[in-house]
Amino acid sequence: MAEEKLTTRAQDFSAWYNELVERAQLAEHSPVRGCMVIRPNGYGIWELIQQNLDKMFKDTGHENAYFPLLIPQSFMSKEAEHVEGFAPELAVVTHGGGKELEEPLVIRPTSETMIYTMFAKWVQGYRDLPILMNQWANVVRWEMRTRLFLRTSEFLWQEGHTAHETEAEAEEETLKMLGVYRKFAEEFMAIPVITGLKTDSERFAGALRTYCIEAMMQDNKALQAGTSHNLGQNFSKAFDLKFQGRDGSVQYAWNTSWGVSTRLVGGIIMTHSDDDGLVLPPRLAPTVAVIVPIFKTDEERASVLEAADAIYNEMRSKGFRVKIDKRDNMSPGAKYYEWELKGVPLRIEIGPKDVANKTVVIVPRITLDSREAAKPGRKQKLFVSMDTLSNSIEELSSELQAQLLKNAIARREANTIRGVKTYEEMKEIFSKGEGAFVYAGWNGDPAIEAKVKEETKATIRCIPDAEFRSAVAPATCLVTGEKAKHEVIWSKAY
RNA sequence: CGGGGCGUGGCUCAGCCUGGUAGAGCACCUGGUUCGGGACUAGGGGGUCGGAGGUUCGAAUCCUCUCGCCCCGACCA
């Protein structure tokens, strides 16, 4: 017995998450309060997120740039709501080179103020628009309570910033990028998301409207996985971002900003992983398959390693992210547990019998409905030919990817409650720990939203887009009984 | 910032009440036997007990102060 088992999700979801992140060597707490060190296993996931999202941004016409970490404090206060929203969580640099600075510099919590200052210099006429830009960066928000990946004082993210000639164009861009996020969540992270509009209380400080993608974690709490803001002319007016229009008049530009962060890694963990450890969607797994050679005698060792190496080299040359585990101080069983903990989607076992048969055994990290069921209490074992191994890896990867999304959708639907009749009923639901997504009518009054938050800890995650709404829209506000203005989703959230 | 808990080899923790300058399991190193679901065995290396001050012949242990971390709450991606 080497390692003890993880705390299970049922025992303590929060402890399960923390143990998993550390034991799978994704990240750990740094010597600096609230900041995390992202280890290679975790950073590899982020790198794949970056690569794939970056391609999607470029395919939609955006370019990357980089703006500075430090922002003059005065910039922050130019937009009234913005400063109010971010002031409490700013880290401020007051000294440089041993001397007190004339004006303190804040470490960016987000870069609107710096970026629109620069955009203002670059834009004179309508022909200079649109500007479609993105940056990959770190930001700092001095959070009171932190959790690895989900909320840390410093985090990595991308922030897209655009400037447009018209309000309609800005709105189109805002929704387009929300769509990109949704596509990425579903196709790469295998996380089903609900798109929708934030209420005023959850809106980005300084935005006209904030749209979001919301996902349900395994404890039925919501995770805001990405946001896309229509900033209107709030920042262009604050930063004097003007252009001369087609009619000759001077106008303020229309801006959008949108971002996702390393929080997505936390979302992937909390959506798919199980009591054995991390489960990763193949498309974002730094290692898609690990080869474990098995042998007893020296002769077996030689032939098995030769075959395993051949397979390894062939798969690498074909571009598969595979690893081979040749450690000789560990039994195969111990290796299985370790790679399962680390979330590798496919395990390829190769022993003397396989070498003789020109086959390997592939064990998928989760059960695939598309394959023959395993014997009770056992894992699925798939015997595949060495000759067609790359096809098998491709097929199994996409089956596993699809299975994860399917499982996540099923779980979300099973924990979604529509048609709640009374507020008491909803209170009852949220008092029971498990949580849910509760669809209900709302009269649009922020005071009601605040009251419910106070009494249940649940908040309005979003006003869902049409495709997510109930077939029959709730006619009345669940709390007041007045005519409902919107159907909204209530949930506890991270 | 309020409430709770904790700082002792890399990790998890015991020792503290009833002071006598450290101990276990895991991990690590070396050898042998093992290896298709968490191996066994023999030997070995590594800590001055978060920090500072105090009491004492003597402090991981008692006292004071301090720093940090974790959990719960208010705030948030």
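Keep in mind the model is a prediction, meaning the values are calculated, not measured. Chain letters run A, B, ... following the sequence lines, proteins first, then strands; residues in each count from 1.
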As its Watson-Crick or G-U partner within any shown strand, both distances under 3.5 Å, G7(B) has C67(B)
When every non-hydrogen atom of S257(A) is compared with those of Y116(A), the smallest separation belongs to CB-OH, 4.0 Å
Sticking with atom P, work out how far G20(B) lies from C29(B), rounded to a whole angstrom. 36 Å
Between T152(A) and E154(A), do the side chains contain a donor N or O and an acceptor N or O under 3.5 Å apart? no
Is T152(A) touching bases, backbone alone, or none of the nucleic acid, heavy atoms closer than 4.0 Å? base
Taking atom C1' in both C26(B) and U18(B), compute the distance separating them and give it to the nearest angstrom. 32 Å
So, W490(A) versus Y423(A), ring centres under 6.0 angstrom or not? no
When you compare U61(B) with G50(B), how far apart are their C1' atoms, in angstrom units rounded to a whole number? 16 Å
Is there a donor in the side chain of W136(A) and an acceptor in the side chain of D54(A), or the other way round, less than 3.5 Å apart? yes
Write down the distance separating the P atoms in C62(B) and G7(B), rounded off to the nearest Å. 12 Å
pair_partner(G20(B)), Watson-Crick or wobble, both distances < 3.5 Å, evaluates to C57(B)
Would you mind reading off the distance between R327(A) atom CZ and A39(B) atom P, rounded to a whole angstrom? 12 Å
Starting from the 5' end of RNA chain B, give me the residue, G34(A) or S201(A), whose nearest nucleotide shows up first. G34(A)
Determine, stepwise, if the pair F13(A) / K221(A) fulfils side chain to side chain contact (heavy atoms under 4.5 Å, CB included). CA-CA 11 Å; F13(A) 192 80; K221(A) 283 167 80 174; over 6 Å; no
Taking atom C1' of C6(B) as reference, at what distance in whole Å does atom NE2 of H29(A) sit? 14 Å
Would you measure the distance from the P atom in A60(B) across to the matching atom in C67(B) and give it in whole Å? 23 Å
What's R141(A) touching, base or sugar-phosphate or nothing? Going by heavy atoms closer than 4.0 Å. base
Examine H161(A) together with F119(A) and report whether their ring centres are nearer than 6.0 Å. no
Does any donor atom in the side chain of Q218(A) or R9(A) lie under 3.5 Å from an acceptor atom in the other side chain? yes
Under the side-chain hydrogen bond (donor to acceptor under 3.5 Å, both in side chains) test, residues paired with S77(A) that sit two or more places apart: none
By nearest-nucleotide position on RNA chain B, the 5'-leaning member of K379(A) and N18(A) is K379(A)
Separation of A39(B) atom P from E338(A) atom CD, nearest Å, is 12 Å
Report yes if some heavy atom in the side chain of L278(A) is under 4.5 Å from a heavy atom in the side chain of K342(A); otherwise report no. no
Please give, in whole Å, the distance from G37(B) C1' to D276(A) CG? 11 Å
When we call it a touch if two heavy atoms are under 4.0 Å apart, what does L150(A) touch: a base, just sugar-phosphate, or nothing? base
Could you tell me how far apart R347(A) (CZ) and G38(B) (P) are, to the nearest whole angstrom? 12 Å
Expressed as a whole number of Å, how far does the P atom of C63(B) sit from that of G19(B)? 12 Å
Could you tell me how far C17(B) sits from G3(B) if I compare only their C1' atoms? Round to whole Å. 26 Å
Let's test this: given Watson-Crick or G-U wobble pairing with both distances under 3.5 Å, identify the partner of A42(B). U30(B)
Separation of E28(A) atom CD from C11(B) atom P, in whole Å? 9 Å
Per-nucleotide protein contact along nucleotides 31-36 of chain B, 5' to 3', at a 4.0 Å heavy-atom cut-off (B base, S sugar-phosphate only, - neither), is ---BBB
Could you list, one pair per line, each protein nitrogen or oxygen that sits under 3.5 Å from a nitrogen or oxygen of nucleotides 73-75 of chain B, together with the distance?
unit_1 : atom_1 : unit_2  : atom_2 : d
G73(B) : OP2    : R145(A) : NH1    : 3.2
A74(B) : OP1    : K457(A) : NZ     : 3.1

Do NZ/NE/NH1/NH2 and the carboxylate oxygens of E171(A) and K176(A) come within less than 4.0 Å? no
Is it the case that G38(B) (base atoms only) and E340(A) (side chain only) share a donor and an acceptor within less than 3.5 Å, ignoring hydrogens and angles? no
Rounded to the nearest angstrom, tell me the gap between atom CD in Q11(A) and atom C1' in C71(B). 17 Å
Quick one: label Y494(A) by what it contacts on the DNA or RNA (base, sugar-phosphate, nothing), any heavy atom closer than 4.0 Å. nothing
Can you check the distance between C70(B) and A59(B), where both ends of the measurement are the C1' atom (answer in whole Å)? 27 Å
Please name the nucleotide paired to G73(B) by Watson-Crick or G-U wobble geometry with both distances under 3.5 Å, or report none. C1(B)
Does C49(B) have a Watson-Crick or wobble partner in any strand here, with both distances under 3.5 angstrom, and which is it? none
Grab the CZ-P distance between R23(A) and G38(B) for me, whole Å please. 17 Å
Looking only at the aromatic ring of each residue, does the gap between the centers of F204(A) and F86(A) stay below 6.0 angstrom? yes
Is there a side-chain contact between V360(A) and F383(A) (heavy atoms, below 4.5 Å)? no
